[in-house]
Amino acid sequence: MTDLLTLESPRLWLRQWQDEDLAPFAELCADPTVMRYFPAPLSRIETAALIGRIRGHFAEYGYGLWALERKDDGAFIGFTGLSHVRFEASFTPAVEIGWRLARDYWGLGYASEAAWTCLGCAFEQLGLEEVVAFTAEPNLPSQKVMQAIGMQRDAASDFDHPAVAQGSPLQRHLLYRIGRQAWLQAMHD
Ligand SMILES: CC(C)(COP(=O)(O)OP(=O)(O)OC[C@H]1O[C@@H](n2cnc3c(N)ncnc32)[C@H](O)[C@@H]1OP(=O)(O)O)[C@@H](O)C(=O)NCCC(=O)NCCS
């Protein structure tokens with residue numbers, strides 16, 4: 001199998017998680033602004049458990065949510081990557097692409113840049129036919145990343161996220177998709 005443990009984009013390493021990532025990642029996941037479209041910020045223990053699940057996904061599938069390290073100064077800035085959707089919906093089974101960056105690194109194009117690398121991995125190395133993405137309806141910054149990497153909204157597949165409380169404004173999720181052909185097309189646009 002191809003070694004997917006480390007990928008790269010022009011400005012970033014997409015690498016495996018290191019123990020030193022816990023402190024900055026816990027700070028990021030405890031930031032109410034970063035987490036405003038999730039049910040709640042995470043405690044340090046919850047963040048450590050999340051890193052454990054991410055490492056488990058890499059161990060099982062060989063790919064996952066890569067830690068992002070800025071090449072020029074080695075800063076840990078968040079994650080971007082691919083993961084199996086763990087709940088059932090009209091669009092599953094599916095592999096989703098997702099991202100979460102510390103606030104200091106927003107507005108610099110890093111999430112989109114890393115996401116391009118992940119789509120390349122999905123279609124060229126993993127041989128997937130399609131990648132999906134979803135986010136709470138009010139999360140416009142995340143939808144902008146989806147659009148920037150050529151994903152298309154599939155309104156017919158919008159859904160209520162099973163992990164979000166009934167009646168919450170964050171329950172309704174929008175579904176975006178990109179297939180291999182559309183990705184090839186977006187690459188050449
Ligand atoms: C979603 C999230 C990753 C988006 O981050 P982002 O930095 O806005 O996204 P991008 O990497 O695509 O950067 C795009 C922005 O960088 C700007 N930019 C600056 N330099 C750039 C460059 N070289 N290339 C591309 N864009 C650049 C763009 O103009 C754009 O700014 P704008 O939003 O003001 O128009 C970020 O808001 C986040 O971490 N949110 C919290 C977690 C979250 O909600 N995750 C998604 C859950 S589904």
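Every number for a ligand or one of its atoms is a count from 1 in the order of the listing.
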Trainee: N/O of P141 under 3.5 Å from N/O of ligand 1, yes or no?
Mentor: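 So ligand 1 has no N or O lying under 3.5 Å from an N or O of P141.
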Trainee: Determine whether the aromatic ring centres of F25 and W17 lie less than 6.0 Å apart.
Mentor: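 For F25 and W17, the ring centres are under 6.0 Å apart.
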Trainee: Does the side chain of W99 come under 3.5 Å of the side chain of S142 through a donor N or O and an acceptor N or O?
Mentor: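 Distance-only check passes for W99 and S142.
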Trainee: One thing to verify: whether D19 and R55 come together as a salt bridge, which I'm taking to mean a side-chain N less than 4.0 angstrom from a carboxylate O.
Mentor: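 Here R55 pairs with D19 in a salt bridge, since their nearest N and O are under 4.0 Å apart.
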Trainee: Applying a heavy-atom cut-off of 4.0 Å, say which part of Y110 lies close to ligand 1: side chain, backbone, both or neither.
Mentor: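 Answer for Y110: backbone.
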Trainee: Does atom 44 (O) of ligand 1 have a protein heavy-atom neighbour under 4.0 Å away?
Mentor: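 For atom 44 (O) of ligand 1 the answer is yes, since some protein heavy atom falls inside 4.0 Å.
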Trainee: Answer yes or no: does an N/O atom from A111 fall short of 3.5 Å to an N/O atom of ligand 1?
Mentor: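 By distance alone, the answer is yes.
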Trainee: Distance under 6.0 Å and angle within 45° of the ring axis: does R177 meet both against F134?
Mentor: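 The answer is no; the distance or angle limit is not met.
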Trainee: May I ask you to check whether F87 and F159 place their ring centers less than 6.0 Å from one another?
Mentor: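 Between F159 and F87, which both carry aromatic rings, the centre distance is below 6.0 Å.
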Trainee: Is the side chain of E46 donor-acceptor paired with the backbone N or O of A26 at a distance under 3.5 Å, no angle test?
Mentor: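 No.
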Trainee: What I want to check is whether the side chains of Q147 and Y176 have a donor and an acceptor closer together than 3.5 Å.
Mentor: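 A donor-acceptor contact under 3.5 Å links the two side chains.
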Trainee: Could you identify the single nearest non-hydrogen protein atom to atom 25 (C) of ligand 1 and state the distance to 0.1 Å?
Mentor: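 It is G109 CA, 3.5 Å.
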Trainee: Under a 4.0 Å threshold between the charged nitrogen and the carboxylate oxygen, would D72 count as salt-bridged to R11?
Mentor: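 No, no charged N to carboxylate O under 4.0 Å.
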Trainee: Can you tell me the protein heavy atom closest to atom 9 (O) of ligand 1 and the distance?
Mentor: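 It is V145 CG2, 3.7 Å.
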Trainee: Main chain of G167, side chain of Q171: is a donor-acceptor contact present, judged purely on distance under 3.5 Å?
Mentor: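 Present.
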Trainee: Which residue holds the protein heavy atom closest to atom 47 (C) of ligand 1, what is that atom called, and what is the gap in Å?
Mentor: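 For this ligand atom, the closest protein heavy atom is F38 CZ, 3.5 Å.
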Trainee: What atoms of ligand 1 come closer than 4.0 angstrom to any heavy atom of R100?
Mentor: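 Taking each heavy atom of R100 in turn, ligand 1 has 39 (O), 42 (C) under 4.0 Å.
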Trainee: Just need the protein heavy atom nearest to atom 38 (C) of ligand 1, so name the residue and atom and give the distance.
Mentor: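 Protein heavy atom at minimum distance: W106 NE1, 3.3 Å.
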Trainee: Do K144 and ligand 1 have an N or O pair less than 3.5 Å apart?
Mentor: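 Yes.
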Trainee: Note the single closest protein heavy atom to atom 31 (O) of ligand 1, along with its residue, its atom name and the distance in Å.
Mentor: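 That would be G107 CA, 4.3 Å.
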Trainee: So is there a nitrogen or oxygen of W99 less than 3.5 Å from a nitrogen or oxygen in ligand 1?
Mentor: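 Such a contact does occur with ligand 1.
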Trainee: Could you list the atoms of ligand 1 found under 4.0 angstrom from a heavy atom of N139?
Mentor: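 Those qualifying, in numeric order: 43 (C), 44 (O), 46 (C), 47 (C).
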Trainee: Is atom 41 (C) of ligand 1 in close reach of the protein, with a heavy atom under 4.0 Å away?
Mentor: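 Given the 4.0 Å cut-off, atom 41 (C) of ligand 1 counts as touching protein heavy atoms.
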Trainee: Regarding E69 and R15, does a basic nitrogen lie under 4.0 Å from an acidic carboxylate oxygen?
Mentor: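 Yes.
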Trainee: Which heavy atom of the protein is the closest neighbour of atom 48 (S) of ligand 1, given with residue, atom name and distance?
Mentor: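 Ranked first by proximity to atom 48 (S) of ligand 1 is T135 OG1, 3.1 Å.
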Trainee: Does the protein put a heavy atom less than 4.0 Å from atom 21 (C) of ligand 1?
Mentor: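 Flag for atom 21 (C) of ligand 1 set to true, protein heavy atom closer than 4.0 Å.
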Trainee: So which atom in P39 and which in A163 form the shortest heavy-atom distance, rounded to 0.1 Å?
Mentor: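 So the minimum-distance heavy-atom pair works out to CG-O, 4.4 Å.
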Trainee: Would L101 count as a polar contact of ligand 1, with the cut-off being nitrogen or oxygen pairs under 3.5 Å?
Mentor: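 Such a contact does occur with ligand 1.
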Trainee: So for ligand 1, is S112 a polar contact partner (N or O within less than 3.5 Å, distance only)?
Mentor: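 Yes: some nitrogen or oxygen of S112 is under 3.5 Å from one in ligand 1.
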Trainee: Pull out every atom of ligand 1 sitting under 4.0 Å from any heavy atom of F134, numbered as shown with elements.
Mentor: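 So the answer, numbered in order with elements, is 48 (S).
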Trainee: Give the cluster check for L82 versus V85: same hydrophobic cluster or not, with ILVMFWY residues linked at side-chain heavy-atom distances below 4.5 Å.
Mentor: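 Per the 4.5 Å side-chain linkage, L82 and V85 are not co-clustered.
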